[in-house]
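Single-structure report; data block below.
Counting starts at 1 for both ligands and their atoms, in listed order. Values reported hereafter were calculated over all heavy atoms of this structure, with side chains retained and with hydrogens, waters and symmetry mates removed.
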Amino acid sequence: MLELVGIGKRYANGHLALDGVDLALPAGRITVVIGPSGCGKSTLLRLLASLERPTSGRILLDGEELHGPSPRIGVVFQEPRLFPWLDVLHNVAFGLSRRLPWRERRALALDACERVGLGSAVEALPKQLSGGMAQRAALARALVGRPPVLLLDEPFSALDAILRAQLQVELLRLWSEDRPTLLLVTHDLDEAVLLADEVVVLGGRPGRVVSRLEIALPRPRDPRESAFQMLRARLLSALPSANLLAA
Ligand SMILES: Nc1ncnc2c1ncn2[C@@H]1O[C@H](COP(=O)(O)OP(=O)(O)OP(=O)(O)O)[C@@H](O)[C@H]1O
Ligand SMILES: [Mg+2]
């Protein structure tokens, strides 16, 4: 269980991005965070990944306060962030502790590449990869140590619709293998209803949790079904921007 307790974040320039955020991410579940641009979604994710420090509140992983980056938390960003001078295998192996002998790291990285469908591209350099392949490599790097927590910040938003749909299904398959606690930030309402056990809506300035919606549909989910569409409509009306659309 990953928990945010009374989290606030004020950046060095004085901007208060988040204030009083309480949120529990239950173990083994998929929590999707959605909200208008600038409401603090990426800030929230960077705090959970310890890439930023909160200015108030605490972050707890299994009851213990987080004080820095943890190998138990894997992260994927909107862009792949691969090292351009390393091939796919070495980029993926980078997600593992240097304390492991290279032979073991190599075997684990090869396995992770296979799991994301990059088994035949392990020697490719990032510049030789398509956008989808590069994002698969980023996913493999986050998954390679089988972390119990996986954080994804709009991981598919730069990809075309077909590829996005494919990777959403693959993400669910990977998640179902060892059921990490998963937090996914997205702008995409369909992606939220397709993947989430619970959707958390962030909004306001400073950002805070404005609403939460359980998605109890069985998987696999079909966006054409009426129950799916109803939940999507409820989510839309919970978004602060929906009021702007209606205005
Ligand atoms: N390093 C920083 N210094 C100062 N302000 C920042 C910094 N990073 C983000 N902000 C501000 O904090 C607010 C929240 O930013 P954040 O990137 O978390 O939003 P977001 O919800 O992820 O937006 P988007 O949907 O566009 O990705 C924004 O107003 C942003 O300008
Ligand atoms: Mg963002």
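One finds the SG atom of C113 at 11.5 Å from the CZ atom of R136 (value rounded to the nearest 0.5 Å). Interatomic distance, H187 NE2 to S37 OG, rounded to the nearest 0.5 Å: 5.0 Å. Atom CG of L18 sits about 11.5 Å away from atom CZ of R10, to the nearest 0.5 Å.
For atom 15 (O) of ligand 1, a protein non-hydrogen atom is found at a distance below 4.0 Å. Within a 4.0 Å radius of atom 30 (C) of ligand 1, the protein contributes no heavy atom.
For atom 5 (N) of ligand 1, the closest non-hydrogen atom on the protein side is Y11 CD1, 3.3 Å. Atom 24 (P) of ligand 1 has its closest protein heavy atom at S37 OG, 3.6 Å. In terms of protein heavy atoms, atom 28 (C) of ligand 1 is closest to G38 O, 3.7 Å. Closest to atom 25 (O) of ligand 1 among all protein heavy atoms lies K41 NZ, 2.7 Å.
The distance criterion of under 3.5 Å between nitrogen or oxygen atoms is met by G40 with respect to ligand 1.
Listed by atom number, the atoms of ligand 1 under 4.0 Å from N13 heavy atoms are 4 (C), 5 (N). The contact set between ligand 1 and A17, taken as ligand atoms under 4.0 Å from a residue heavy atom, comprises 12 (O). Applying the 4.0 Å criterion to heavy atoms of E154 picks out, from ligand 1, the atoms 25 (O), 27 (O). Below 4.0 Å from some heavy atom of R46 lie the following atoms of ligand 1, by number and element: 8 (N). Using a 4.0 Å cut-off to heavy atoms of S42, the atoms of ligand 1 that qualify are 17 (O), 18 (O), 20 (P), 22 (O), 27 (O). Below 4.0 Å from some heavy atom of H15 lie the following atoms of ligand 1, by number and element: 11 (C), 12 (O), 13 (C), 28 (C), 29 (O). The atoms of ligand 1 that sit less than 4.0 Å from any heavy atom of H187 are 25 (O).
Between R141 and L82, some side-chain heavy-atom pair lies under the 4.5 Å cut-off. At a threshold of 4.5 Å between non-hydrogen side-chain atoms, the residues L66 and L60 do not count as touching.
Both the backbone and the side chain of T43 come within contact range of ligand 1, each with a heavy atom under 4.0 Å.
For the residue pair A192 and L235, the shortest heavy atom distance occurs at CB-CD2, 3.9 Å. Nearest approach of W175 to D197, heavy atoms of both residues: CZ2-OD2, 4.3 Å. The heavy-atom pair separating V149 from P180 by the smallest distance is N-CB, 4.4 Å.
Heavy atoms of G35 stay at 4.0 angstrom or farther from ligand 1.
Classification of E52 and K9 as a salt-bridged pair holds, one side-chain N sitting under 4.0 Å from a carboxylate O. The pair K41-D153 does not meet the salt-bridge criterion, since no charged nitrogen lies less than 4.0 angstrom from a carboxylate oxygen.
Among the atoms of T43, no N, O or S atom is found under 2.8 Å from the Mg ion (ligand 2).
Between F83 and W85, the two ring planes are tilted [angle within 30° to 60°].
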